[in-house]
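Heads up: the structure comes next, in structure tokens.
Predicted, not measured: the structure shown is a model, and the values here were computed from it. Lettering of chains follows the sequences in order, A, B, ..., and the numbering in each one begins at 1.
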Number of protein chains: 2
Amino acid sequence: MKRKITLKQIAKELDVSVSTVSKALKDSREISIDTKDKVKAFAKLYNYKPNNIALSLKNRKTKTIGIIIPEIVHYFFTTVIQGIEHVANEKGYNVIICLSNNSFDKEVLNLEFLANGSTDGFILSVAKETQQKEDYHHINEVISQGMPVVMFDRVIDEVICDKVIISDKHGAFEAVQYLIDQSCKKIALISTVDYVSVGKLRTEGYQEALITNDIPINPELILKIEDVDHSEERIEAFFSDKDIDAVFAVNEKFAVNAIKALTKLGKKIPDDISVIGFTDGVVSKSFIPSLSTVNQHGEEMGAKAASLLIDRLEDKVHEQSFQTTVLNTSLIIRDSVKRKTDSL
Amino acid sequence: MKRKITLKQIAKELDVSVSTVSKALKDSREISIDTKDKVKAFAKLYNYKPNNIALSLKNRKTKTIGIIIPEIVHYFFTTVIQGIEHVANEKGYNVIICLSNNSFDKEVLNLEFLANGSTDGFILSVAKETQQKEDYHHINEVISQGMPVVMFDRVIDEVICDKVIISDKHGAFEAVQYLIDQSCKKIALISTVDYVSVGKLRTEGYQEALITNDIPINPELILKIEDVDHSEERIEAFFSDKDIDAVFAVNEKFAVNAIKALTKLGKKIPDDISVIGFTDGVVSKSFIPSLSTVNQHGEEMGAKAASLLIDRLEDKVHEQSFQTTVLNTSLIIRDSVKRKTDSL
DNA sequence: AACACCAACTCTAACGTTTTCGTGTTGAAA
DNA sequence: TTTCAACACGAAAACGTTAGAGTTGGTGTT
């Protein structure tokens with residue numbers, strides 16, 4: 001077992017000082033060609049690589065970005081990570097990922113831990129519990145310590161920092177508008193409880209689309225699900241006595257469960273009822289019928305978040321002003337929607 | 001902007017030495033109660049937290065585990081990460097995730113980078129390209145530097161370290177045996193090319209099951225797919241002229257595409273043809289018909305890998321001997337298989 | 001011969017922490 | 001009064017690195 005070699009060991013071997021070695025390796029012209037060659041050869045031979053930790057301590061920067069997300073077993077988040085990772089690596093940054101598991105306490109711990117020198121800045125999407133509690137002291141704390149923070153997807157208006165979001169409201173609006181354009185009139189909504197910001201916004205988009213088209217909002221057609229794990233039963237029960245011709249669901253799971261429930265009730269998708277979901281995941285593509293969705297462009301979101309953060313870290317943004325980037329969604333129409341032209 | 005406070009600053013404020021502050025905070029009995037109280041109060045007030053980087057440098061350990069995986073937008077890997085994260089956090093370790101994107105070069109870079117002080121050890125699943133190249137010098141390099149490595153899923157026999165795998169062969173065997181038990185005789189296999197170790201092993205399991213049951217192996221019924229992205233067309237073409245009563249696919253995507261292709265060809269699943277896939281992902285559960293699969297227990301795998309690694313890091317394993325943990329798969333039978341009893 | 005100057009180094013401090021060893025003050029036993 | 005332990009604290013080194021400020025010894029100028 002040959003431990004990693006250090007400058008000190010090289011210096012000792014070659015009988016020069018540590019600083020000579022350091023400078024030689026950095027091609028400083030304080031050092032003679034001879035010595036440089038000797039040092040470089042030796043370093044190469046022993047595969048010398050500077051110790052990151054020591055560099056971090058010295059430079060007071062780690063070249064590492066901390067990502068804190070609610071969960072990782074989730075297609076959207078993984079695409080965001082992919083986007084972050086790509087940009088970060090390109091610019092010489094590394095990525096530490098921590099999961100909050102939607103727990104406020106774990107989010108606080110992660111943030112505190114990573115803030116103690118491990119990372120230069122954060123990209124985060126807050127836990128459900130945090131949104132519920134409305135306690136953001138931990139985020140404000142790290143910001144006040146001078147660490148840049150970029151929030152994405154589930155952002156907090158009260159926290160002042162850069163943000164990247166999609167136009168949830170507009171995406172939902174477009175989806176519902178599309179359904180209306182296909183002559184749907186009785187459109188049900190399956191959403192989450194309101195403290196989840198995205199759920200709320202998508203609900204607003206749904207409502208706005210109805211209002212714009214002079215369709216009255218019928219609260220009977222709106223289902224808000226608290227317990228995601230048992231959504232299937234809830235949705236099934238919900239549909240049993242409803243007369244509808246379309247469903248807009250705020251996520252993929254709800255959309256799939258809606259189709260399942262409706263199929264059970266003897267409805268044909270898309271002939272009897274059209275369905276559009278949110279988030280374009282693996283399931284949407286492969287499901288039969290393939291699911292129409294609002295694409296969130298997770299990778300783009302991650303890339304944007306990463307470059308915002310890195311710009312701050314490298315002081316490319318001089319101002320104190322923070323920006324909120326709103327990414328456009330795009331509607332992907334697949335087989336779960338009955339198109340108007342289909343009936344021609 | 002109040003920067004994080006350091007021992008030195010506390011010492012200066014309270015007019016004592018740095019060592020006194022350090023000792024006071026650690027409740028050393030070298031320090032008087034009075035001083036301790038004073039220091040602790042001050043530290044609390046200014047929310048002092050020791051700097052991880054400095055600690056890492058001093059202790060020569062980072063309490064961080066490096067995970068290197070081929071891709072993150074992949075259900076199985078996210079479950080493994082989940083398992084690792086859980087165990088690691090419980091034991092006070094943090095997790096850095098790097099993606100190789102199945103590229104050999106990126107895997108090497110990641111490994112080199114993280115090995116220079118950033119992590120204490122690695123958990124990794126090698127890139128496809130690495131398996132193809134059969135070049136493992138980078139992994140052996142970090143091992144020889146004294147960093148423990150645990151490989152999972154896609155492991156390399158030639159690299160000597162702890163490993164966690166599932167019984168790919170046996171899982172495949174069981175699945176195919178199950179199909180045979182349901183009276184299937186003409187079972188097709190959709191696999192990957194052989195240099196992907198898991199594809200090879202699952203193929204072997206398939207073959208062994210046939211042999212055990214005196215069913216001749218028909219190469220015509222075996223499809224090996226190189227280009228995963230265009231698997232759908234390949235599978236469709238493959239099935240067009242085959243007479244079969246069951247399909248075993250080595251992953252979820254192939255299984256889904258098989259069902260789609262067969263449906264297109266007018267076959268009914270499971271009535272005409274039964275299908276079993278590998279990996280129990282989101283798609284399997286929600287697909288219609290829901291997919292029978294071999295469950296890989298990713299979370300368990302991650303948990304096991306993490307505890308193996310941490311045991312090594314904390315010298316709980318004295319021996320030089322490395323172990324390979326083989327986790328059992330379990331067969332999940334859902335609607336995509338026609339059961340024998342169904343026909344009664 | 002005195003001086004300046006340059007090349008080619010070495011020394012030192014610094015990043016934030018812990019730990020070993022040293023040291024001055026007290027109070028009590030001899 | 002001397003001696004010595006106990007107490008409470010400080011100094012310094014160490015982890016690995018870098019950058020700026022010294023330090024040599026030799027050459028060239030006048």
Outermost DNA chain C nucleotides near chain A [under 4.0 Å, heavy atoms] | C:dA8 to C:dG16
Using a 4.0 Å heavy-atom cut-off across all strands, classify A:Thr6 as base, sugar-phosphate, or nothing.
-> sugar-phosphate
Minimum-distance pair of heavy atoms, taken over all atoms of B:Ile53 and A:Gly117 = CG1-O, 3.0 Å
For the pair A:Asn110 (side chain) and A:Leu99 (backbone), establish whether a donor and an acceptor sit closer than 3.5 Å, ignoring hydrogens and angles.
-> yes
Residue list, ring pair (Phe, Tyr, Trp, His ring centres under 6.0 Å) with B:Tyr46, at least two apart or on another chain | B:Phe42
Going through the distances and angles, do B:Asp120 and B:Lys63 end up as a salt bridge (Lys or Arg N to Asp or Glu O under 4.0 Å)?
-> CA-CA 6 Å; B:Asp120 297 341; B:Lys63 282 268 184 181; over 6 Å; no
How would you label the contact of A:Lys26 with the nucleic acid (heavy atoms, under 4.0 Å): base, sugar-phosphate, or nothing?
-> sugar-phosphate
Under 30°, 30 to 60°, or over 60°: which ring-plane class applies to A:His138 and A:Phe104, parallel, tilted or perpendicular?
-> perpendicular
Name all residues meeting the ring pair (Phe, Tyr, Trp, His ring centres under 6.0 Å) criterion together with B:Phe122; count only those two or more places apart in sequence or in a different chain, and write none if there are none.
-> none
Under 6.0 Å from the NZ atom of A:Lys61, do we count more than 12 heavy atoms belonging to anything else shown?
-> no
For A:Thr325, side chain to side chain contact (heavy atoms under 4.5 Å, CB included) partners two or more places apart | A:Val164, A:Lys304, A:Leu308, A:Gln323, A:Leu327
Expressed in angstrom and rounded to an integer, what is the separation of A:Lys8 atom NZ from D:dA13 atom P?
-> 12 Å
Given D:dT17, D:dA12, D:dC9, which nucleotide is nearest the side-chain atoms of B:Ser19?
-> D:dA12
Could you check which residues of residues 56-63 of chain B get a heavy atom under 4.0 Å from DNA chain D? Sort them by number, please.
-> B:Leu57, B:Lys58, B:Arg60
Between B:Ser17 and D:dC9, does any side-chain N or O lie under 4.0 Å from OP1 or OP2?
-> no
Could you give all pairs that pass the salt bridge (Lys or Arg N to Asp or Glu O under 4.0 Å) test and reach residues 142-161 of chain A, with sequence neighbours left out?
-> none
Could you write out each protein N or O paired with an N or O of nucleotides 24-26 of chain D at a distance under 3.5 Å?
none

Is A:Phe77 close to A:Ile72 at the side-chain level, that is, under 4.5 Å between some pair of heavy atoms?
-> no
Residues pairing under salt bridge (Lys or Arg N to Asp or Glu O under 4.0 Å) where one sits in residues 7-26 of chain A, two or more places apart or in two chains, turn out to be A:Lys23-A:Glu30
Pair B:Ile65-B:Asn94, side chain to side chain contact (heavy atoms under 4.5 Å, CB included): steps then yes or no = CA-CA 6 Å; B:Ile65 294 175; B:Asn94 235 55; over 6 Å; no
Report which part of the nucleic acid B:Val16 touches: base, sugar-phosphate, or nothing (heavy-atom distance under 4.0 Å, all strands).
-> sugar-phosphate
Around atom CG of A:Leu45, are there more than 12 heavy atoms of other residues, nucleotides or ligands at under 6.0 Å?
-> yes
Can you sort out which residues in residues 28-46 of chain A have a heavy atom within less than 4.0 Å of DNA chain D? Ascending by number, please.
-> A:Glu30
Touch class at under 4.0 angstrom, heavy-atom based, for B:Lys23 against every strand present = base
Base, sugar-phosphate, or nothing for A:Leu55, non-hydrogen atoms under 4.0 angstrom?
-> sugar-phosphate
How long is the line joining CZ of A:Arg3 and P of D:dC15, in whole Å?
-> 12 Å
End-to-end axis angle, where each axis spans five pairs of the helix from C:dA1-D:dT30 to C:dA30-D:dT1, to 10° | 90°
With sequence neighbours left out, which residue pairs that include part of residues 101-112 of chain B fulfil the salt bridge (Lys or Arg N to Asp or Glu O under 4.0 Å) condition?
-> A:Lys49-B:Glu112, A:Glu85-B:Lys106
Could you tell me whether A:Arg312 and A:Asp162 make a salt bridge, using a distance below 4.0 angstrom between a side-chain N and a carboxylate O?
-> yes
Go through the structure and list residues passing side chain to side chain contact (heavy atoms under 4.5 Å, CB included) with B:Ser144, not counting sequence neighbours.
-> A:Lys2
